[in-house]
Number of protein chains: 4
Amino acid sequence: MNLCPKRWSRRKEARPHEILEAALELFAEKGYAATRIDEIAKRAGVTRGTPYLYFAGKEEIFKALISELLLPALDEAEALFNGFSGSASERLRCVVHVWWQSMGETRLSALPKLMVAEAGNFPEVAQLYNEQFVARGEAIFRQVIEAGIASGEFRAIDVEYALHVLCAPVVMAMLSRYMPCGHAQLDPVRYLDTLLDLMLHGLYPHPDSTRSEVSDHA
Amino acid sequence: MNLCPKRWSRRKEARPHEILEAALELFAEKGYAATRIDEIAKRAGVTRGTPYLYFAGKEEIFKALISELLLPALDEAEALFNGFSGSASERLRCVVHVWWQSMGETRLSALPKLMVAEAGNFPEVAQLYNEQFVARGEAIFRQVIEAGIASGEFRAIDVEYALHVLCAPVVMAMLSRYMPCGHAQLDPVRYLDTLLDLMLHGLYPHPDSTRSEVSDHA
Amino acid sequence: MNLCPKRWSRRKEARPHEILEAALELFAEKGYAATRIDEIAKRAGVTRGTPYLYFAGKEEIFKALISELLLPALDEAEALFNGFSGSASERLRCVVHVWWQSMGETRLSALPKLMVAEAGNFPEVAQLYNEQFVARGEAIFRQVIEAGIASGEFRAIDVEYALHVLCAPVVMAMLSRYMPCGHAQLDPVRYLDTLLDLMLHGLYPHPDSTRSEVSDHA
Amino acid sequence: MNLCPKRWSRRKEARPHEILEAALELFAEKGYAATRIDEIAKRAGVTRGTPYLYFAGKEEIFKALISELLLPALDEAEALFNGFSGSASERLRCVVHVWWQSMGETRLSALPKLMVAEAGNFPEVAQLYNEQFVARGEAIFRQVIEAGIASGEFRAIDVEYALHVLCAPVVMAMLSRYMPCGHAQLDPVRYLDTLLDLMLHGLYPHPDSTRSEVSDHA
DNA sequence: AATGAATGAGCGTTCATTCAT
DNA sequence: GATGAATGAACGCTCATTCAT
């Protein structure tokens, strides 16, 4: 059993993170309730009792997924957005793609799925998620839209509503990774490009069709 | 204990439906795993053993929610769509609003939430949901978009991708009813109107701004 | 449902017997605990509540199997024994074969199996079985052996012990009908003839080996 | 609650055996179905969940009774038989008495009772029992009888049938320990001696009655 | 720090029994 | 007399959590 005698000598401070990664994978696959602490421990390479050395219980692991994995990723994404300048449409494109690269296509996309499923059962976790993640994410999109309207690049639509229309496909793309349904066969990047194209130009034929950009991607 | 003397006289045919309604409410509130059969039974006004007279087990109740509640609602909605004629944009508006009225704003919107959470754990239910509900729902939207393109009313965008961009906010509006997050404070109808406006016209200012329709609704 | 309107007009007094026969079959196949009242009812051609019109509960059905089916069969067998005269060995042969024909090879052989399994759980039934069936059965064998000893046809062995040695294979032949083991492939009649052959040649005090009789039976 | 401070320190290897012993006792007393896992646990000095640490379920406990308790006892008994030499009648006596001592008069005699009751419900367990226990047990008796016939010490009777006639009282003696019936009041050893006496005098092809041996034991 | 044996509350399911019809 | 919908106690099994080592 103890094949490697020093197998945890250097790992001490890494343990909580390993446990969280294991938990995230399993919660993504099976949901919160169907994931056993044993499985998390085993996938993290530890035994049943170890998670309790670092987390008070299953719910605390859930909460830590938000604060220890998701929020830091949002911090990084925000830094990328902030370092980007350009037209409103260029910033919108940037925000959508950076969002996807830094969160959507990573294991973190499991968290929106988890929150859809468990928000009602864990109000405390839901509050953390909403205040620290959703609100900040929406603020990013809101800024871009508002700036576009202010500069006259965008129409003066209702920002709050447009914002959610814009976010919904991004979130759905994250959720779809865990469902064997229609979305699943689509290429997410092309999907997001279509989103941007439609959001910017609409379905109606353009008076000037030079703005269409989705065809670049094939 | 015997509060109601005729407590089962004429209920036989009604029982399964009562149980499904109770299950749907509870699954919506707490998710599949966190809902106990006892609770379903109690909310349906029966006792622990009664659900098993009508359903083989918890999973069968889940499956019956799809086949007995959701699919009939889709049947009705389809009938409404089919009875509607008009321009592609008028039909799109019709489809989105009928969808919302006949499913989105009803208790049935719990089922997409459930499927997000449990598709991985119940492949059989997921297959039923995808084949009988998602595929048919997408087909409705696809027809409208394809007809619009064929008639020249819409641009020749990639139908499959546009379809999912269009559906995503509709589905998110359903999911959002069970989350205390941003979407929650929005008026769903106005949200869908914004979706239609953006999808048809895009964010860019119109060359002819007479087409904007969202202002009608306020 | 009521395809045959008078389907029970003539059956009223037959119902209890039909229920007992169904119960006997099912208890034999699956044991007492694993047999559901529903199954008994269905096999008897009635519904769930009907057995309770005739029997106070499951245990009463069990008890009635003894008193209503087994004991009458023993009565008949006893009548046959009593009408038979001959040497002790002839009477022994008669007893063994009549026992087998009237009980061993019928569905009644399920009852010894049931009693082996359930005597500890149903002391009242066990008492009935022991006092009314086992004791009377043993008495029959005891009489024959004692008469054989008294007449000098048999050795003066210990009657009580010999009696049980003699009965054991008879009972085992009954039990074996419900087990897929070694006994199962044997022909019961030939088995009992072997028993008699072995028992008699041990019981006879005198030493000519011409008496072997098992070959008669093919 | 914490009456015994070292309540599980060194028990890990002993637990499965303790649980099996408890299960064997309770299955013997009440049968398989009427024995609750809770009772087994309590009698083994553990709580409800502990048996599941060592056995996959109730049926696995049943199966383990055969493989972990009964078959090892048969191994030991076989070793004793194999170390014994003598005439066929002496070997027969040896086999019967060793059988009784190593299995019949121990708690293992519960297993034949259990198998009579449950063979039909657990075909897999029945197969294990028949192939590994019954078949091997019969082989032991068969060898002795065949050797006796080969040496001329026994008559040339039909071995398969005689074998089962011989075994039946041995098995019945085991079953009888769990029934409050006739057999119960007999001394098993004297019962087996009577069996041997009767069997041998039937098996011996030659006719001097001086060989009666049961009187020795009284 | 880490282990893993043990706990025990909780849940899905079954089924003997009841009783309004 | 017969039905069968409904009941509710009981049981097998699970799993988050604890704690002696």
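Each chain gets a letter, A, B and so on, in the order its sequence line appears, and its residues count up from 1. All values below come from the heavy atoms of this structure, side chains included, with hydrogens, waters and symmetry mates left out.
In the set F:dC11, E:dA16, E:dA2, the nucleotide with an atom closest to the side chain of C:R36 is E:dA16. Distances were taken from every side-chain heavy atom of D:T47 (C-beta onward) to each of E:dG8, E:dT3, F:dA5; the shortest belongs to E:dG8. Across E:dT14, F:dC13, F:dA6, the shortest atom-to-atom separation from the side chain of D:K58 is found for F:dC13. The nucleotide whose nearest atom lies closest to any side-chain atom of C:T50 is, among F:dT14, F:dG4, F:dT3, F:dT3. Of the candidate nucleotides F:dA6, E:dT13, E:dA1, E:dT13 has the atom lying nearest to any side-chain atom of B:Y52.
Across every strand in view, E:dA1 sits unpaired, with no contact that passes the Watson-Crick or G-U test at under 3.5 angstrom. The partner of F:dA2, taking Watson-Crick or G-U wobble pairs whose two distances both stay under 3.5 Å, is E:dT21. Figure legend. F:dG12 is base-paired to E:dC11; pairs are counted as Watson-Crick or G-U wobble with both atom distances under 3.5 Å.
Separating the CD1 atom of A:I19 from the C1' atom of E:dA1 is a distance of 11 Å, rounded to the nearest angstrom. In this entry the distance linking NZ of B:K42 with P of E:dC11 reads 12 Å, nearest Å. With rounding to whole Å, D:K30 atom NZ is found 9 Å from F:dC11 atom P. In this structure, CD of A:E39 is placed 16 Å from C1' of F:dT17, rounded to the nearest angstrom. A straight line from CD1 of B:I61 to P of E:dG12 spans 10 Å, rounded to a whole angstrom. We find that CD of C:E60 is positioned 14 Å from C1' of E:dT17, with the value rounded to whole Å. Across the protein-nucleic acid pair, A:F55 atom CZ and F:dA16 atom P stand 16 Å apart, rounded to whole Å. Rounded to an integer number of Å, the gap from CD1 of B:I40 to C1' of F:dT7 is 18 Å.
Between A:T35 and B:G45, the residue anchored nearer the 5' end of DNA chain F, judged by the nucleotide with its closest heavy atom, is B:G45. Each of C:A34 and D:G49 has a nearest nucleotide on DNA chain E; the 5'-most of these lies closest to D:G49. Residue D:V46 is the one, among B:I37 and D:V46, whose nearest nucleotide of DNA chain E lies closer to the 5' end (criterion: closest heavy atom).
Residue contacts for C:L53: at a heavy-atom cut-off of 4.0 Å it reaches a base atom on one of the strands shown. The residue D:R48 sits close to a base: some heavy atom pair falls under 4.0 Å.
Side-chain contact annotation: C:E118 with C:N121, donor-acceptor N/O pair under 3.5 Å present.
Below 30°, between 30° and 60°, or above 60°: for B:F27 and B:F62 the angle between ring planes is above 60°, a perpendicular geometry.
In this structure, C:E124 pairs ionically with C:K63, as a charged nitrogen and a carboxylate oxygen lie closer than 4.0 Å. Salt-bridge check for D:R43 with D:E18: failed, with every basic side-chain N at 4.0 Å or more from each acidic carboxylate O. The residues A:E25 and A:K30 are annotated as not salt-bridged, no charged nitrogen and carboxylate oxygen being separated by less than 4.0 angstrom.
Judged by distance alone, with hydrogens and angles left aside, the side-chain atoms of A:Y178 form no donor-acceptor pair with the main-chain N or O of A:K113 at under 3.5 Å.
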